[in-house]
Colleague: 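Dropping the structure in here first, questions after.
In what follows, every chain begins at residue 1, and chains take the letters A, B, ... in the order their sequences are listed.
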2 protein chains.
Amino acid sequence: MLTPKLQMLERTLKRLLRRGAAGPLERVLVKTHAADLAFIFTSFSHNERVQLIEHCADDEMRGDVLASAEHAISAEVLASLPRQRAAELMGEIEPDDVSDLLEHMEEKEAAELLALMQGEEREEVEELSRYESTTAGGIMSPRFFALDRDKTVREAIAALQAVDTELEMVFYVYVVNELEQLLGVLSLRQLVVNKPDTKLFDVMTSDVISVSTHVDQEEVAQLASRYGLLAVPVVDDTNKLLGIVTVDDVIDVLREEATEDILRMAGAGDEIGDQRKVLRSVLSRFPWLLATGIGGAASAALLSLYTAPLTNYLPLVFFIPLVLGLAGVTGIQSATIVVTIVAQGRGRSVLLATVARQTIVGTLLGLVLGSMVGSFAGWWWDPLQATSLFASLAIGLGIAAAMSAAALLGCLLPWIFSRLRIDPALAAGPFAAMAVDVVGLALYLVIGANLT
Amino acid sequence: MLTPKLQMLERTLKRLLRRGAAGPLERVLVKTHAADLAFIFTSFSHNERVQLIEHCADDEMRGDVLASAEHAISAEVLASLPRQRAAELMGEIEPDDVSDLLEHMEEKEAAELLALMQGEEREEVEELSRYESTTAGGIMSPRFFALDRDKTVREAIAALQAVDTELEMVFYVYVVNELEQLLGVLSLRQLVVNKPDTKLFDVMTSDVISVSTHVDQEEVAQLASRYGLLAVPVVDDTNKLLGIVTVDDVIDVLREEATEDILRMAGAGDEIGDQRKVLRSVLSRFPWLLATGIGGAASAALLSLYTAPLTNYLPLVFFIPLVLGLAGVTGIQSATIVVTIVAQGRGRSVLLATVARQTIVGTLLGLVLGSMVGSFAGWWWDPLQATSLFASLAIGLGIAAAMSAAALLGCLLPWIFSRLRIDPALAAGPFAAMAVDVVGLALYLVIGANLT
């Protein structure tokens with residue numbers, strides 16, 4: 001839910017847009033933080049968004065809003081402006097964001113816009129678009145603060161004072177040699193507390209953590225978070241410093257990956273990014289549902305083999321949803337825990353211990369719930385007859401077997417996926433549910449048919 | 001999976017521990033980054049962990065490892081050391097981490113340890129433990145850098161140089177008045193680029209974002225991430241500055257909350273934190289499985305009402321797992337998307353649009369899959385008879401109805417939960433699955449029984 005402040009802002013802006021009150025709109029926007037407007041940007045229609053951008057206080061704010069809002073939406077706004085104007089606004093945006101915005105446009109539009117951008121900015125963007133968008137190279141900013149090893153602390157402070165305000169995120173001073181190779185790093189605080197005549201080379205930390213351009217963004221984020229870094233330097237194969245990934249990008253990556261994992265586990269793809277296209281959602285989900293459907297068809301075939309025991313003892317049929325439900329929940333619980341552990345980058349011994357533990361927990365829970373449901377089934381259907389004992393046993397044991405198999409399968413599937421270098425989150429959702437359903441049902445039927 | 005470097009470190013340490021080779025162990029540990037050791041700390045047994053801590057290079061590293069490793073595990077290590085020694089080590093750890101570590105111990109142990117800590121550190125910890133551990137007050141550090149409004153830039157730099165190294169995370173200089181009330185903020189960069197004689201009051205940014213002690217940690221993290229802040233100041237009701245939440249804590253909170261959401265959605269509680277207690281897992285999952293079981297019992301009761309149509313036309317039975325599977329996947333997909341949107345703090349209009357869109361997508365997919373399965377069922381069971389048309393229609397329409405109801409229910413449940421101020425992630429897992437199963441099955445049976 002939006003905070004009350006943002007709710008109020010949204011309502012006020014909507015009202016002013018409806019009334020077409022340009023003056024009051026501008027007065028509200030001039031007092032609005034770009035990040036706030038960006039955050040509620042999705043709540044408006046495309047036309048409203050264009051108007052909001054128009055009425056922003058200045059181009060700096062326009063750039064900030066477009067850079068911070070969802071890029072799919074910002075790209076639409078930019079594409080609907082006159083080309084020259086859009087190129088101007090893109091000049092206000094950091095090159096890594098520009099590069100990502102261009103990827104959300106039609107190729108022709110993107111090329112035209114890029115051609116209209118100013119020389120240096122265009123080169124920066126072109127340089128970045130050489131890298132995959134989810135690697136260190138793709139998310140790095142080429143605007144960092146690096147100085148030669150022979151400079152003094154005094155010279156560094158002077159250089160910092162002369163630097164333009166676009167370098168807002170200066171956390172560290174990187175120290176390089178004449179080939180621009182990364183030698184070390186100083187924090188701003190080290191700069192402040194050291195004597196002015198000291199050479200940077202003598203006070204820098206030379207044990208500097210850096211990544212290559214092709215390292216996955218998730219790994220960069222994990223490094224930054226593990227070592228508490230505000231920026232991770234990105235180097236090429238010769239250790240030449242090319243850019244930095246700053247902590248705000250790290251936070252974005254962590255949020256993105258967490259959301260992606262959750263959605264993938266539900267087999268819902270990357271739907272959040274694009275709220276508009278129903279057909280795309282239908283198509284992206286169809287394969288998962290088809291897999292589920294195939295599992296369901298396998299279950300149907302399985303059931304058709306057990307027509308006689310099922311019709312002879314109907315409670316076996318009645319408890320099918322219960323068996324599937326319990327096995328499903330157990331399987332997903334195991335799978336989720338394994339996915340989380342894999343995502344945290346834990347080692348093999350932790351994983352093995354987890355699989356063992358999950359299977360034990362699943363089996364214990366299976367025995368408890370199996371005996372509960374088994375007794376209930378016997379009492380409910382057939383309270384007086386002697387056959388009810390076997391029937392209860394059949395249902396109870398069937399449930400216990402289905403649940404322990406589900407716990408084990410739920411652990412193994414994401415693990416196998418991660419070994420095959422497929423995202424384990426993909427295994428933990430509909431795929432695990434389907435496998436667990438079929439296996440659980442088979443065990444339940446075999447045990448049920450033989451005991452009743 | 002662990003990176004190769006960490007895998008190697010783990011193997012080397014295990015081997016040296018087995019051999020009891022104290023010398024080589026110390027030589028490896030002196031070259032190891034505390035964050036790396038903390039990260040693989042779970043892979044060792046309790047006794048190995050105690051030995052590793054003993055052989056660390058110095059108390060600073062010991063403190064860093066214990067503060068960065070999982071607190072449940074570190075608390076166990078600390079609790080098994082002699083009290084005086086444990087109190088010494090805790091002196092090396094930031095007060096917010098100490099406060100959290102103490103919460104993981106028995107009350108008596110924690111009180112004894114706290115009593116042994118040094119005066120000032122003990123007071124800091126006691127101050128922090130007054131706040132809920134998941135609020136701004138509970139995660140803030142009381143060590144920040146604040147100066148009076150009348151100080152000059154020169155004086156600020158001198159003060160920064162005099163400050164001890166424990167204030168490692170200095171990102172901003174906070175400006176306060178004589179009552180320690182927060183007036184404004186300066187970045188270190190502003191300090192470096194302004195003239196030495198300027199008063200802080202004249203160059204500070206007075207539009208400073210701060211939070212009260214009782215604000216939820218997730219909200220603090222969202223603020224920091226939205227406005228790109230490296231630290232969020234925490235104030236009391238009179239605007240007195242009490243502490244700061246730094247970006248590394250923000251990252252921890254975001255990771256924690258993401259993991260928590262994923263586990264909650266699977267109804268697996270907070271299991272990652274504690275890998276050891278099987279019984280606790282069994283107990284924490286039991287309620288979810290019981291809820292699933294009750295849903296299953298409701299389904300059984302429902303099925304028992306339709307004994308005649310089910311036995312007359314067995315394919316209705318055969319396709320029950322398929323109906324439940326498809327409805328389940330559809331419901332979870334809707335629920336996950338709504339949970340993600342609520343977690344992002346999106347507004348009402350975005351939510352409404354999402355619910356509408358999910359229901360449309362679910363219905364369309366239901367029609368497609370319903371007609372596929374319906375045709376397949378007719379052809380499979382009864383390829384020549386005329387009745388198969390109605391049967392196909394029954395199964396197909398039943399599936400379509402179950403899926404569109406599942407899509408709608410999956411959206412509404414987390415939304416209702418969030419309105420009732422219950423974590424919507426709790427609704428999206430087993431609870432949604434159960435509701436979707438029962439409703440989907442009911443629709444399928446009503447349609448199936450009336451058409452066959």
Colleague: Under 4.5 Å from any heavy atom of chain A, what part of B:Val323 do you find: side chain, backbone, both or neither?
Modeller: neither
Colleague: Checking heavy atoms, do the side chain of B:Ile332, its backbone, both or neither come under 4.5 Å from chain A?
Modeller: both
Colleague: Once you round to the nearest 0.5 Å, how far does CG of A:Leu254 lie from OG of B:Ser225?
Modeller: 10.0 Å
Colleague: Is it the backbone or the side chain of A:Glu257 that comes under 4.5 Å from a heavy atom of chain B, or both, or neither?
Modeller: neither
Colleague: Go through the atoms of B:Leu369 and report whether side chain, backbone, both or neither lie under 4.5 Å from a heavy atom of chain A.
Modeller: side chain
Colleague: Identify the two heavy atoms, one from B:Ala297 and one from A:Leu322, that lie closest to each other, and give their separation to 0.1 Å.
Modeller: N-CD1, 3.6 Å
Colleague: If you count heavy-atom pairs under 4.5 Å with chain B, which of A:Asp36, A:Ile320, A:Ile399 comes out on top?
Modeller: A:Asp36
Colleague: Please identify, among B:Gly293, B:Ala221, B:Ala38, the residue contributing the most non-hydrogen atom pairs under 4.5 Å to chain A.
Modeller: B:Gly293
Colleague: Quick one: which of B:Gln222, B:Met403, B:Glu219, B:His33 has the most heavy-atom pairs under 4.5 Å with chain A, could you say?
Modeller: B:His33
Colleague: CG/A:Leu364 to CZ/B:Arg285 distance, rounded to the nearest 0.5 angstrom?
Modeller: 11.0 Å
Colleague: Please flag which part of B:Val339 lies under 4.5 Å from any non-hydrogen atom of chain A: side chain, backbone, both or neither.
Modeller: neither
Colleague: Please flag which part of B:Val317 lies under 4.5 Å from any non-hydrogen atom of chain A: side chain, backbone, both or neither.
Modeller: both
Colleague: Measure the CG-CG distance between B:Leu314 and A:Leu303 for me, rounded to the nearest 0.5 Å.
Modeller: 9.5 Å
Colleague: Say you draw a straight line from CZ of B:Arg226 to OG of A:Ser68; how long is it, rounded to the nearest 0.5 Å?
Modeller: 11.0 Å
Colleague: Between atom CG of B:Leu302 and atom CZ of A:Phe318, what is the distance when rounded to the nearest 0.5 Å?
Modeller: 10.5 Å
Colleague: If you measure from CE on B:Met372 to CZ on A:Phe286, what distance do you get to the nearest 0.5 Å?
Modeller: 4.5 Å
Colleague: Is B:Met434 close to chain A through its backbone or its side chain, or both, or neither, when contacts mean heavy atoms under 4.5 Å?
Modeller: neither
Colleague: Can you give me the closest heavy-atom contact between A:Ser281 and B:Val361, atom names plus distance?
Modeller: CB-CG2, 3.8 Å
Colleague: Shortest non-hydrogen contact from B:Leu289 to A:Leu326?
Modeller: O-CD2, 3.4 Å
Colleague: Does any backbone or side-chain atom of A:Val250 lie under 4.5 Å from a heavy atom of chain B? Answer side chain, backbone, both or neither.
Modeller: side chain
Colleague: Restricting to non-hydrogen atoms, name the atom on B:Leu441 and the atom on A:Pro321 that form the minimum distance, rounded to 0.1 Å.
Modeller: CD2-CG, 4.0 Å
Colleague: Can you establish whether the number of heavy atoms outside B:Phe44 located under 6.0 Å from its atom CZ is more than 12?
Modeller: yes
